[in-house]
> 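One structure follows; several queries about it will come next.
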Amino acid sequence: MNRPTHVRDLPQPPLALVGHGQEEKPGPVPPRATQAGERTAQDDTGKQSGDVRDPGRPSRQDETVAPPASQEAALRAELQERTADLQRLKAEYDNYRKRIHRDRLAVGEIAVANVLSRLLPVLDALAEAGEQGEVTGGFQRVAEALHTELGALGLQPFGTAGVPFDPLIHEAVTYTPDDRVEEPICTAVLRQGYRVGDRLLRPAQVTVAGKPPAGA
């Protein structure tokens, strides 16, 4: 700031007059609190503020962040998809087990049927020998034991005189017209038929009697 020119040569006032009073000396500076003291004070403040929290409001530890609705829907859809996959896989495995069990039974039946088919000529020879009275004594006991064991394997003989003729299981050797019968019947069995379960090993050879053909 420029002083006026008419007071340039005046003497300067003493420094004491500038402050309009006696010069004040600075007082002692209080010591700064240590970091540990500040941290302790903050902890105490936090405890005091925590003691007066609203009892109806859950703490931060109790609060759980709920997933968004879109994320929850995606998780449910994925869970349903995985459940459907497991159910489909279980159904396929059950069908596989049933098919394997059925195939094993079929293979076993085929093997037994093949073996029994090879023994049918032996049974025919025993039946012919029995008609001639040659199966006696110990040989008869062997024949009876053979029939018992073959029956245990599922071999079933069929073919009886007087039953209706069935072309599925009977083989007609001769046909005799007869007005006294209403339907074709087996009059005599020439050779026994055999089957294993539902599998036909050999049809029975029979003689058949039935109505005369039309126009005869």
Side-chain angles (χ1 to χ4, degrees), residues 77-216:
E78 185 176 0
L79 178 60
Q80 294 178 356
E81 182 180 359
R82 296 294 182 269
T83 302
D85 292 341
L86 290 176
Q87 292 176 350
R88 183 168 55 255
L89 182 61
K90 182 179 182 299
E92 292 178 356
Y93 179 68
D94 291 340
N95 293 334
Y96 169 76
R97 290 177 54 190
K98 293 178 181 178
R99 185 171 62 254
I100 291 299
H101 181 67
R102 185 169 57 251
D103 293 344
R104 287 179 178 176
L105 292 179
V107 171
E109 291 178 357
I110 293 174
V112 172
N114 291 335
V115 174
L116 295 179
S117 298
R118 296 299 184 93
L119 294 176
L120 295 183
V122 178
L123 297 179
D124 293 339
L126 289 175
E128 184 178 356
E131 293 175 357
Q132 296 178 3
E134 298 178 357
V135 181
T136 59
F139 187 58
Q140 183 178 3
R141 288 193 295 271
V142 172
E144 292 175 354
L146 178 61
H147 283 90
T148 302
E149 294 299 328
L150 295 180
L153 293 176
L155 183 64
Q156 299 175 0
F158 66 90
T160 306
V163 298
F165 174 78
D166 187 355
L168 296 179
I169 60 175
H170 294 146
E171 180 182 353
V173 177
T174 62
Y175 184 84
T176 303
D178 192 347
D179 296 332
R180 296 173 299 177
V181 296
E182 297 294 333
E183 59 181 358
I185 61 173
C186 300
T187 57
V189 178
L190 304 180
R191 190 181 67 176
Q192 199 78 22
Y194 292 95
R195 60 188 171 192
V196 178
D198 297 333
R199 184 182 299 275
L200 180 65
L201 299 183
R202 188 181 70 183
Q205 291 182 351
V206 295
T207 59
V208 181
K211 288 184 177 182

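Just so you know, these numbers come straight off a predicted model, no measurement behind them. Count residues from 1 along the sequence.
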> Not counting sequence neighbours, which residues clear side chain to side chain contact (heavy atoms under 4.5 Å, CB included) with A129? List them please.
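For A129 the side chain to side chain contact (heavy atoms under 4.5 Å, CB included) partners, ignoring immediate neighbours, are E134, V135.
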
> Take F139 and L126, measure what side chain to side chain contact (heavy atoms under 4.5 Å, CB included) needs, and give me the verdict at the end.
CA-CA 10 Å; F139 187 58; L126 289 175; 3.6 Å; yes

> Using distance only, find each side-chain donor-acceptor pair of residues 102-121 under 3.5 Å and give its atom names and separation, not counting sequence neighbours.
from	atom 1	to	atom 2	distance (Å)
N114	ND2	I110	O	3.1
S117	OG	A113	O	2.7

> Working to the nearest 0.5 angstrom, can you tell me the gap between L200 CG and Q156 CD?
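That separation rounds to 11.5 Å.
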
> Hey, is the main chain of D166 close enough, under 3.5 Å, to the side chain of H170 for a donor-acceptor pair?
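Flag set: sc H170 to bb D166 pair under 3.5 Å.
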
> Would you say that more than 12 heavy atoms from the other residues, nucleotides or ligands in this model lie under 6.0 Å from the CD of E182, or not?
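At most 12 heavy atoms, drawn from other residues, nucleotides or ligands, come within 6.0 Å of this atom.
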
> Check whether the side chains of T207 and T174 place a donor and an acceptor atom closer than 3.5 Å, and report yes or no.
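Side chains of T207 and T174: no pair found under 3.5 Å.
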
> Rounded to the nearest 0.5 Å, what separates atom CD in E149 from atom CG in L155?
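Those atoms lie 12.0 Å apart.
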
> Which pair of heavy atoms, one from G210 and one from V181, lies closest together, and at what distance?
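Answer, listing the atom of G210 first, then V181: CA-CG2, 3.5 Å.
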
> Would you check if V163 and V206 make a side-chain contact, meaning some heavy-atom pair closer than 4.5 Å?
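No, their side chains stay 4.5 Å or more apart.
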
> Which atom pair, heavy atoms only, marks the closest approach of D178 to A209?
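So the two residues come closest at CB-CB, 4.4 Å.
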
> Within the structure provided, determine whether V196 and L153 are in side-chain contact (heavy-atom separation under 4.5 Å).
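They are not in contact (no side-chain heavy atoms under 4.5 Å apart), so the answer is no.
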
> For F158 versus Y194, what's the shortest heavy-atom pair and its separation?
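It is CE2-N, 3.4 Å.
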
> What is the distance from atom CD of E81 to atom CG of L86, rounded to the nearest 0.5 Å?
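These two atoms lie 11.0 Å from each other.
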
> Is there a side-chain contact between P212 and D179 (heavy atoms, below 4.5 Å)?
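Sidechains of D179 and P212: in contact.
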
> How close do A204 and G193 get, counting heavy atoms only, and between which atoms?
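Shortest heavy-atom separation between A204 and G193 comes out as CB-N, 3.6 Å.
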
> Could you walk me through whether D94 and K98 pass the salt bridge (Lys or Arg N to Asp or Glu O under 4.0 Å) check?
CA-CA 6 Å; D94 291 340; K98 293 178 181 178; over 6 Å; no

> With sequence neighbours left out, write down each residue that passes side-chain hydrogen bond (donor to acceptor under 3.5 Å, both in side chains) with R88, or none if nothing qualifies.
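Checked R88 against side-chain hydrogen bond (donor to acceptor under 3.5 Å, both in side chains); matches are D85.
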
> Please report the closest heavy-atom contact between G159 and Q192, naming both atoms and the distance.
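That would be O-NE2, 3.6 Å.
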
> Output the distance between atom CD (E128) and atom CZ (R191), rounded to the nearest 0.5 Å.
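That separation rounds to 12.0 Å.
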
> In Å, rounded to the nearest 0.5 Å, how long is the span from NZ of K211 to CD of E183?
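Separation between the atoms: 9.5 Å.
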
